[in-house]
Amino acid sequence: MPKPVRVRFAPSPTGDPHVGNIRTAIFNWLMVQHERQQGNEASFIVRIEDTDQGRKTEGALEAILESLRWLGLSWDEGPGVEGPYSPYFQSERLPTYNEAADALVASGWAYPCYCSSERLETMRRGQMDRKESLGYAGHCRELDSASLATWREEQEQEIPVVRFKVPRDGTTTCVDVIRGEVTFENRLLDDFVLLKSDGFPTYHLANVVDDHAMEISHVLRAEEWLSSLPRHKLLYEALGYAPPLFAHLPMILGPDRAKLSKRHGATSVLEYKQRGYLPEAVFNFLTLLGWSLDDHTEIMNREELVTHFGLDRVAKPAAIFNQEKLDWLNGVYIRDLSVDELTNRIMPFLEEGLPADITRPIDREYVRQIAPLVQERLKTLADAPDMVAFFLQESLSYDPALLVDKQLTPEPVLQALKAATARLQSLDVWQAEDLETLLRPMAEELNLKTRQFFGAIRSAVTGRTATPPLFETMEVLGRERCLLRLEESQRLLGAVSSL
RNA sequence: GCCCCCAUCGUCUAGCCGGCCCAGGACACCACCCUUUCAAGGUGAAGAUCGCGGGUUCGAAUCCCGCUGGGGGCACCA
């Protein structure tokens, strides 16, 4: 019986989670789902690492959870889902860390340090000037209790921090599932802080203690953590814990190859939601950043991803976030939606983005008729309001020049519009097919190219030059509105040509 | 500065326990087709001396070493 797979996503509530964080969450989640599909026991845990009171951000927790929910990354244990290892907020687990720190001090693996932050800062600057490697030099490490007390007075520190006593020599070899063995020299690791003077643990301590307490089997996290691995390994050993397996995931970089940040445009997952990206597209796209199935499969739904995902096909190099490819993928997913589904997804964007003069609520049934016409033209759901507005607007406002093809003068266009209107008035079945049967032959009669003739009608009826197919558009627009707009266009054009 | 990781088309990547690769797919770009506009779709083109230099080998993108480049880390942040 293999030990159950237990992985965790451990964000810190310091802002909107960006796509890199979420990609990590996706890989964790995927691994769990895959294991389950294989018939193995597996759990996805969300643990909130809120041990830095100073950086806590209002609303960040909700943003994290919303991001996860939006992408369908449900968790088995975590906020709102109590489990056998509750609580899942580190700020509520302080006693556990204290115990661990005490045990470490008792066993000689850690010691209190009274050095003031000013002293540390000065030390760091000195190291920088002398171009030495940075890190705590170890002043309090060897002090006996008497000299420690004196030092405490001198530094005016009430409460000490607790530091880990890193071996002065030797090496620490760690294993990363994706990269293999990585060896570090212990003398280059400084005595890092375990417990801060405010009583909160640092990431290193909290992380190790919790991963052990929650019986985490695999730690999948971003590559930026790789250099902390030896510290963690040492900590596991000092604490007498069996370490989990570690896999450091490739980073996601901006187009300038730097760590993704606000400068690169949208980085928050919620921003993508807002910009009209489909969660299934974002999910699929993020999965492809650092993982691949083979040399040709790219579009995979959740289920396919679950069956194929594995750590063995995670890539090593960092990936650059390619916005254009996401746009394409989003279009693919939009085109794949059923009309009903597309209508549902578009509605909120229309309510939100359509001009204020269009009366609300927007008629869903009508939108449902429009939806198929714009489906293959939408790059994002947020494109919908602009693309659809003319269907719902009471009156159009556009430059009458749009009615006239560049190679034409207003006069023949005006005549054509007049003729078309007259014929259309006597058409009793207002359907695309009939509209086409009626109008297409007219182009030749009027001695106009179809693009010139249809273009004029298109502009008259929509106020635009780029629209869905004309006849279907007219059908959805309806007889009355089309005729009205056709007449209006003649008025506009007449005014222009008489100038 | 020191430590660690990484290195195939502009980008995401396949290939990397050596020959099937003078390197495959996708996005973007270009051309053509379809066409009432815009899309979508179809076809095709262009695009990587596999970062560079040494080895090993009959043979290297694939193994080894060095260099260079990029990234990450070096907090009482995570």
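Proteins come first, then strands; the chains are lettered A, B, ... in the order of their sequence lines, and each starts at number 1. Values in this document were obtained by computation on a predicted structure and should not be read as measured data.
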Would you classify [X] as touching base, sugar-phosphate or nothing, given that sugar-phosphate means primed atoms plus P, OP1 and OP2, and contacts are heavy atoms under 4.0 Å?
{"X": "A:Pro201", "answer": "sugar-phosphate"}
{"X": "A:Pro11", "answer": "nothing"}
{"X": "A:Val182", "answer": "sugar-phosphate"}
{"X": "A:Asp52", "answer": "sugar-phosphate"}
{"X": "A:Arg119", "answer": "nothing"}
{"X": "A:Gln323", "answer": "nothing"}
{"X": "A:Cys115", "answer": "base"}
{"X": "A:Pro250", "answer": "nothing"}
{"X": "A:Ser459", "answer": "nothing"}
{"X": "A:Arg440", "answer": "base"}
{"X": "A:Leu188", "answer": "sugar-phosphate"}
{"X": "A:Phe471", "answer": "base"}
{"X": "A:Thr297", "answer": "nothing"}
{"X": "A:Thr450", "answer": "sugar-phosphate"}

Sticking with atom [atom1], work out how far [N] lies from [M], rounded to a whole angstrom.
{"N": "B:C21", "M": "B:G15", "atom1": "P", "result": "15 Å"}
{"N": "B:G73", "M": "B:A78", "atom1": "P", "result": "14 Å"}
{"N": "B:C17", "M": "B:C12", "atom1": "P", "result": "22 Å"}
{"N": "B:A23", "M": "B:A45", "atom1": "P", "result": "14 Å"}
{"N": "B:G69", "M": "B:C52", "atom1": "C1'", "result": "10 Å"}
{"N": "B:C9", "M": "B:A14", "atom1": "C1'", "result": "13 Å"}
{"N": "B:A31", "M": "B:G47", "atom1": "C1'", "result": "15 Å"}

List the atom pairs, with distances to 0.1 Å, where a side-chain N or O of residues 434-446 of chain A and a protein N or O form a donor-acceptor pair under 3.5 Å, not counting sequence neighbours.
residue	atom	partner	partner atom	Å
A:Glu436	OE2	A:Arg440	NE	2.9
A:Glu436	OE2	A:Arg440	NH2	2.6
A:Thr437	OG1	A:Glu433	O	2.7
A:Glu445	OE1	A:Arg423	NH2	2.7

Under-4.0 Å salt bridge between [X] and [Y]:
{"X": "A:Asp190", "Y": "A:Arg141", "result": "no"}
{"X": "A:Lys316", "Y": "A:Glu223", "result": "no"}
{"X": "A:Arg47", "Y": "A:Glu49", "result": "yes"}

key: All pairs passing ring pair (Phe, Tyr, Trp, His ring centres under 6.0 Å) where residues 153-187 of chain A contributes a residue, at least two apart   = A:Trp109-A:Phe164, A:Phe164-A:Phe192

task = Keeping to residues at least two apart or across chains, list the ring pair (Phe, Tyr, Trp, His ring centres under 6.0 Å) pairs with something in residues 120-140 of chain A.
result = A:His139-A:Trp151

Can you tell me the pairing partner of [N] across any strand shown, Watson-Crick or G-U wobble, with both distances under 3.5 angstrom?
{"N": "B:C38", "answer": "none"}
{"N": "B:U68", "answer": "B:A7"}
{"N": "B:C74", "answer": "B:G1"}
{"N": "B:C30", "answer": "B:G44"}

Do [X] and [Y] have ring centres separated by under 6.0 Å?
{"X": "A:Phe471", "Y": "A:Phe454", "answer": "yes"}
{"X": "A:Phe27", "Y": "A:Phe309", "answer": "yes"}
{"X": "A:His18", "Y": "A:Phe321", "answer": "no"}

Between [atom2] on [N] and [atom1] on [X], what's the gap in Å once rounded to a whole number?
{"X": "A:Leu189", "N": "B:C3", "atom1": "CG", "atom2": "P", "result": "13 Å"}
{"X": "A:Leu195", "N": "B:C77", "atom1": "CG", "atom2": "C1'", "result": "15 Å"}
{"X": "A:Phe246", "N": "B:C4", "atom1": "CZ", "atom2": "C1'", "result": "16 Å"}
{"X": "A:Glu181", "N": "B:C4", "atom1": "CD", "atom2": "C1'", "result": "15 Å"}
{"X": "A:Phe321", "N": "B:C27", "atom1": "CZ", "atom2": "P", "result": "17 Å"}

Does [X] put a side-chain nitrogen or oxygen below 4.0 Å from OP1 or OP2 of [N]?
{"X": "A:Arg55", "N": "B:A78", "result": "no"}
{"X": "A:Arg335", "N": "B:G41", "result": "yes"}
{"X": "A:Thr51", "N": "B:C77", "result": "no"}

Using nucleotides 28-34 of chain B, report all nitrogen or oxygen pairs with the protein that are shorter than 3.5 Å.
none

Proximity to the side chain of [X] - top-ranked nucleotide from [options]:
{"X": "A:Ala466", "options": "B:U37, B:C12, B:G24", "value": "B:U37"}
{"X": "A:Glu298", "options": "B:A26, B:U36, B:A78", "value": "B:A26"}
{"X": "A:Arg124", "options": "B:A40, B:U37, B:C76", "value": "B:C76"}
{"X": "A:Ser292", "options": "B:U36, B:A14, B:U11", "value": "B:A14"}
{"X": "A:Ala319", "options": "B:U36, B:A40, B:C12", "value": "B:C12"}
{"X": "A:Ser12", "options": "B:C12, B:U36, B:A78", "value": "B:A78"}
{"X": "A:Glu376", "options": "B:A26, B:C76, B:A40", "value": "B:A40"}

Protein-nucleotides 64-72 of chain B N/O pairs under 3.5 Å:
residue	atom	partner	partner atom	Å
B:G70	O2'	A:Arg257	NH1	3.2
B:G72	OP1	A:Lys259	N	3.1

Pairs touching residues 467-478 of chain A that satisfy side-chain hydrogen bond (donor to acceptor under 3.5 Å, both in side chains), sequence neighbours left out = A:Arg458-A:Thr467

query = Checking side chain to side chain contact (heavy atoms under 4.5 Å, CB included) against A:Gln155, which of A:Glu153, A:Gln157, A:Arg152, A:Glu158 comes through?
reply = A:Gln157

task = Go through the steps to decide whether A:Val162 and A:Leu104 satisfy the test side chain to side chain contact (heavy atoms under 4.5 Å, CB included), and finish with yes or no.
result = CA-CA 9 Å; A:Val162 174; A:Leu104 253 14; over 6 Å; no

inquiry  = Please evaluate residues A:Leu278 and A:Leu381 with respect to the criterion side chain to side chain contact (heavy atoms under 4.5 Å, CB included), reporting the C-alpha separation (whole Å), side-chain torsions for both, the decisive distance (0.1 Å), and the verdict.
reply    = CA-CA 8 Å; A:Leu278 264 36; A:Leu381 299 175; 3.5 Å; yes

ask   = Would you say the base of B:C5 and the side-chain of A:Arg179 have a donor-acceptor pair closer than 3.5 Å?
value = no

